[in-house]
Amino acid sequence: MRFRPSPWALVVPAGVLLFHADVLTGQRAFFFRDTFMANEPQRRFLADALRDGRLPLWNPLAFAGVPFLGDPSTATLYPLNAPYAVLDFDAYFQVFIVLHFFLAAVGTYRLGRTLGLRAPAAAVASASFAFSTPLIQLSGNIMYLGVAWMPFYLRSLALAAAHPRARVQAAWAAVFLALQVLAGDAQGAHLATLLGLPWATAAAWRRRRVQAALLTWAVSALLAAVLAAGVLLPALEFMALSERRGGLPLEDAQTWALHPLRLIELAWPHLFGGHPDFESTTWWGRWLHNSQDGSPWTTTVSCGVVTLVLAAFGAGGPRPRCRALPAILAVLLLLLGMGARTPVFRLFHDFVPLAGSFRYPEKYAVHALFFLALAAGLGADRARANPRALTGPAVAALVVAALAAAAAVLGFDRATEWFSSLRPEEVAPYFDAESAAAHLVHVAGGTLAACGLLLLWPLASPRVRVGPAVLLIIVCADAAATARAVTYTCDPALYAPLADDNPFLRALRGEPGGAFRLHREPILFREAVADVGKGALSERVRRMERATLLANTGWNQGVSYGVAFGAARPADIAQLGASGLAKLFPRLGVRWLIVDAGDQRFRAPPWEPVVVDDRRTAVLVRDPRALPRARFVPEATEVGTDALREELLASDPTDAARRVLLSSDLPHCAPLPGPPDACPANAPDARIVSDEPERVRVWARSDVAGWLFLADANYPGWEATVDGRPVDILQADLLFRAVALAPGAHDVEFAFRPRPARVGLALSAAAWTAVATALWRHARRRSVR
């Protein structure tokens with residue numbers, strides 16, 4: 001079906017822009033979850049590289065360095081990141097997020113039209129998805145980037161499967177699937193590929209082209225992989241060396257899974273707390289969760305009661321166009337989102353390729369609500385043709401809503417007592433009965449009003465010519481009211497540079513760049529985010545993020561904070577754990593730590609408190625034992641990998657200044673210099689003279705043979721030269737780099753030249769050139785006709 005411009009096509013995208021007008025005009029800014037903590041630093045790092053005219057391959061700011069291009073979450077090759085090179089970063093970073101909500105609305109509308117929906121019904125589907133709470137809250141995760149392209153992918157796949165000559169649509173399907181990967185949402189692209197199989201089969205069923213549809217699906221998936229090879233090949237190497245090699249255990253993979261009781265939230269938002277009107281970030285439904293802190297991935301999974309009624313109405317209609325398929329997929333995805341509570345997730349995790357590498361099943365709620373939105377569009381289309389048929393479901397919804405509201409209000413005190421008795425230590429600190437009661441009345445009233453309007457619509461629509469518009473307004477109002485409550489924004493000043501008089505920066509001023517590293521504990525950041533969510537701008541958030549990420553190289557996210565920048569930690573770091581790496585901080589050059597002021601672990605020698613922030617919640621401490629990042633070491637000892645960790649953890653930090661530990665299980669060609677026969681006349685010296693992400697130059701001098709040790713992560717693709725001659729890099733102290741040096745002064749250069757990146761970029765460039773040429777020729781032939 002050829003897309004014809006219609007006023008209905010503009011209504012919901014315009015509504016999305018209006019809904020986020022305060023962000024687009026710079027009055028507010030997104031910050032929730034990863035948005036401020038990881039995505040903004042990633043994008044800023046990428047923007048700086050693009051302005052310098054280079055493609056960032058290595059990120060020295062997380063852990064002791066990790067691949068940047070090889071981490072899919074960085075979205076290094078994503079086309080919509082290109083404007084960062086020329087536009088104001090802070091302004092475009094916020095526009096970038098809203099742009100993908102806009103794309104989700106447009107793509108859902110176009111997919112609805114392809115399914116045969118009339119324009120008003122397609123707009124209902126678009127509104128139901130664009131204002132669904134999981135999509136809005138995904139601004140705090142990269143999955144909103146991928147899910148914005150999924151409607152375009154499914155539309156192109158359906159067209160290609162249903163029409164024998166629509167080969168160009170197969171190419172478009174590959175493009176849209178590749179864009180999901182390039183956007184950083186590998187998990188979403190994986191799920192979209194799986195969903196594309198039944199989608200393409202259903203589209204080809206009536207035309208008896210199932211075999212052709214399966215071939216089209218497979219070819220488009222393979223072509224998408226080649227288009228995204230510039231990311232996929234480095235990512236495969238990275239994953240093979242990360243903590244996710246071989247997949248995640250079921251228990252870890254199903255962390256943050258939906259509890260079945262939370263399905264009530266589809267119609268009744270914030271049933272278990274967490275509404276911003278509460279006095280604090282009160283999620284008292286912690287007893288429902290299997291996450292570490294008892295909090296949900298999304299504070300509510302509501303799509304609105306009107307959307308649910310329309311979805312049920314659409315799924316029960318005539319079957320010629322497979323009306324039940326969106327509802328069936330929605331139910332399967334909700335079951336998948338429940339994690340190991342249902343056999344669906346267990347089968348998915350154990351038997352579907354690559355599925356075992358992904359976690360947090362609650363993320364799949366956004367895909368479930370996407371298909372519920374399509375089912376709602378089908379229901380709206382059916383209701384427009386036969387308004388009276390909607391009367392029954394509307395009456396049923398009103399009755400159920402009234403009974404639920406009455407039961408909730410009348411039994412509130414007893415329910416409060418029962419919930420509080422389940423796990424008092426987890427529920428009581430987060431439960432505010434007065435606020436909960438007020439929210440209950442508010443939601444009950446809104447639900448009854450929405451059901452009432454839905455009941456009045458079929459009675460009035462035969463006599464009112466603007467019936468479709470009224471139904472769309474009801475859907476938008478019902479969904480947007482809940483979406484507004486989960487649109488977590490704050491004062492844009494959160495992203496402002498640090499003030500020069502910041503007490504921590506004053507203490508750090510004068511340190512040479514690259515000469516020290518700083519680590520901070522994540523608990524402070526979590527507390528600070530709660531302050532920001534309530535409108536109180538936290539200076540310590542800016543201090544920790546800016547001072548740690550932008551002012552210093554090193555362990556910006558800290559080893560104790562889960563995944564740091566990317567989808568996986570290096571496996572060796574994961575095996576050591578946070579406490580183990582804390583013992584190695586002196587070896588790693590971590591001289592400064594920002595810790596909780598009440599944490600006594602770092603308040604006694606050898607730690608030296610330097611300054612406490614003005615709120616007396618954080619303290620900057622210094623470790624005088626910290627060694628330089630680059631240093632000359634006269635001795636080396638070969639140790640088996642299994643014993644290496646124990647010896648590292650048991651050794652004294654001062655031992656690292658004279659001896660480096662090499663893994664005897666790893667191949668190396670360079671001879672091992674022995675211990676010096678006598679003390680050198682001059683003290684050895686090593687200085688970093690040039691420090692760039694993909695290139696580090698070190699000047700070293702010693703009167704005896706030994707080792708140049710660099711406390712940066714060793715990773716495939718790093719090459720070294722000594723005075724212009726290639727030499728082997730040995731893996732030292734489990735994680736880092738060392739090269740053998742003869743007596744004298746030497747110029748040592750480390751350069752990152754990863755082969756998977758070069759091969760992948762070449763494949764991607766060739767594939768994009770071929771696809772773009774084919775699409776251009778097709779468009780030219782159509783214009784000539």
Side-chain angles (χ1 to χ4, degrees), residues 63-66 237 240-243 245-246 517 519 554-555 559 569-590 606 623 625-680 684 686 696 698 700 702 704-720 722 727-743 746 748 750:
F63 300 124
V66 292
E237 180 183 56
L241 298 171
S242 78
E243 63 174 336
R245 59 188 179 191
R517 284 177 170 152
H519 168 73
W555 304 75
V559 295
R569 291 177 291 182
D572 293 325
I573 290 179
Q575 292 167 4
L576 282 175
S579 59
L581 268 173
K583 296 179 181 179
L584 301 184
F585 276 172
R587 286 178 177 265
L588 312 180
V590 178
D623 186 353
R625 304 170 300 169
L627 297 171
R629 177 180 161 202
R631 56 186 181 267
F632 180 85
V633 182
E635 299 180 31
T637 302
E638 289 189 290
V639 183
T641 302
D642 293 337
L644 182 56
R645 294 185 185 87
E646 288 72 15
E647 184 159 348
L648 277 172
L649 296 176
S651 63
D652 188 273
T654 57
D655 182 59
R658 62 178 181 82
R659 184 171 67 112
V660 63
L661 300 177
L662 303 176
S663 174
S664 60
D665 301 333
L666 298 176
H668 55 81
C669 301
L672 299 182
D677 297 330
C679 295
V696 180
V698 183
S702 175
V704 297
W707 299 88
L708 173 66
F709 179 90
L710 185 66
D712 288 1
N714 192 28
Y715 188 84
W718 278 102
E719 302 173 356
V722 176
V727 297
D728 292 327
I729 300 178
L730 302 188
Q731 190 153 324
D733 288 1
L734 185 66
L735 303 171
F736 307 106
R737 310 175 204 163
V739 296
L741 294 181
H746 302 282
V748 183
F750 297 90

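The residues of the chain are indexed from 1 along the displayed sequence. The analysis underlying the following values was restricted to heavy atoms, covering all of them including side chains, and did not include hydrogens, waters or symmetry mates.
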Please report the C-alpha distance between L708 and V722 in whole Å, then the side-chain angles of each, then the deciding distance to 0.1 Å, and finally whether the side chain to side chain contact (heavy atoms under 4.5 Å, CB included) criterion is met. CA-CA 10 Å; L708 173 66; V722 176; over 6 Å; no
Between L730 and W707, does a side chain to side chain contact (heavy atoms under 4.5 Å, CB included) hold up when you go through it step by step? CA-CA 10 Å; L730 302 188; W707 299 88; 3.6 Å; yes
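The CG atom of L627 lies 8.5 Å from the CZ atom of F709; values are rounded to the nearest 0.5 Å. Taking CG of D655 as the start and CD of E647 as the end, the distance is 8.0 Å to the nearest 0.5 Å. The CG atom of L735 lies 9.5 Å from the CG atom of N714; values are rounded to the nearest 0.5 Å.
Nearest approach of P684 to F632, heavy atoms of both residues: CB-CD2, 3.4 Å. Summarising the geometry of E719 relative to I729, their closest heavy-atom pair is C-CD1, 3.7 Å, with the distance given to 0.1 Å. Closest of all the heavy-atom pairs between A711 and F736 is C-CD2, 3.6 Å. Across every non-hydrogen atom of A630 and V698, the tightest pair is CB-CG1, 4.1 Å. Closest approach of R629 to V696, counting heavy atoms only: NH2-CG2, 4.0 Å.
The closest donor-acceptor contact from the side chain of D733 to the backbone of L661 lies under 3.5 Å. Although no hydrogens or angles enter the test, the distance criterion places a donor-acceptor pair under 3.5 Å between the side chain of R737 and the main chain of A713.
F750 is linked by a ring pair (Phe, Tyr, Trp, His ring centres under 6.0 Å) to nothing, counting only residues two or more places apart in sequence or in another chain.
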